[in-house]
Amino acid sequence: MTEETQDELVLDQHETTEAERREGLVAQMRADLSAESPAVIEQALRHRLADIGMTLDDAEIARLAAEICGTAPTD
């Protein structure tokens with residue numbers, strides 16, 4: 001009987017784009033923190049972005065925080 005082994009991280013087995021990673025992060029943050037203030041969400045975003053090695057500029061982080069807590073302006 002042949003046993004298959006996992007030789008790499010599960011996340012490393014699937015290629016994802018930066019946009020897909022950002023969308024996944026935003027979805028998770030929305031589920032976890034949507035009731036928080038933009039300032040709390042920005043801080044959590046910065047921490048999580050650092051954890052996954054992704055960088056975004058301050059304006060994008062502020063925009064995402066507003067989107068997550070539902071205070072983003074509508075067009």
Would you give the length of the straight line joining atom [atom1] of [X] to atom [atom2] of [Y], rounded to the nearest 0.5 angstrom?
X: Arg22; Y: Met54; atom1: CZ; atom2: CE; answer: 6.5 Å
X: Ile52; Y: His47; atom1: CD1; atom2: NE2; answer: 11.0 Å
X: Glu60; Y: Asp57; atom1: CD; atom2: CG; answer: 6.5 Å

Is the shortest side-chain N to carboxylate O distance from Arg46 to Asp51 below 4.0 Å?
-> no

Student check: side-chain heavy atoms of Thr17 and Glu23 closer than 4.5 Å | no

Evaluate the side-chain proximity of Leu49 to Leu56: yes if any heavy-atom separation is below 4.5 Å, no if none is.
-> yes

Would you tabulate the side-chain donor-acceptor contacts of residues 33-45 under 3.5 Å, counting partners in other chains and residues two or more places apart, or write 'none'?
residue	atom	partner	partner atom	Å
Ser34	OG	Arg30	O	3.4
Ser37	OG	Val40	N	3.3

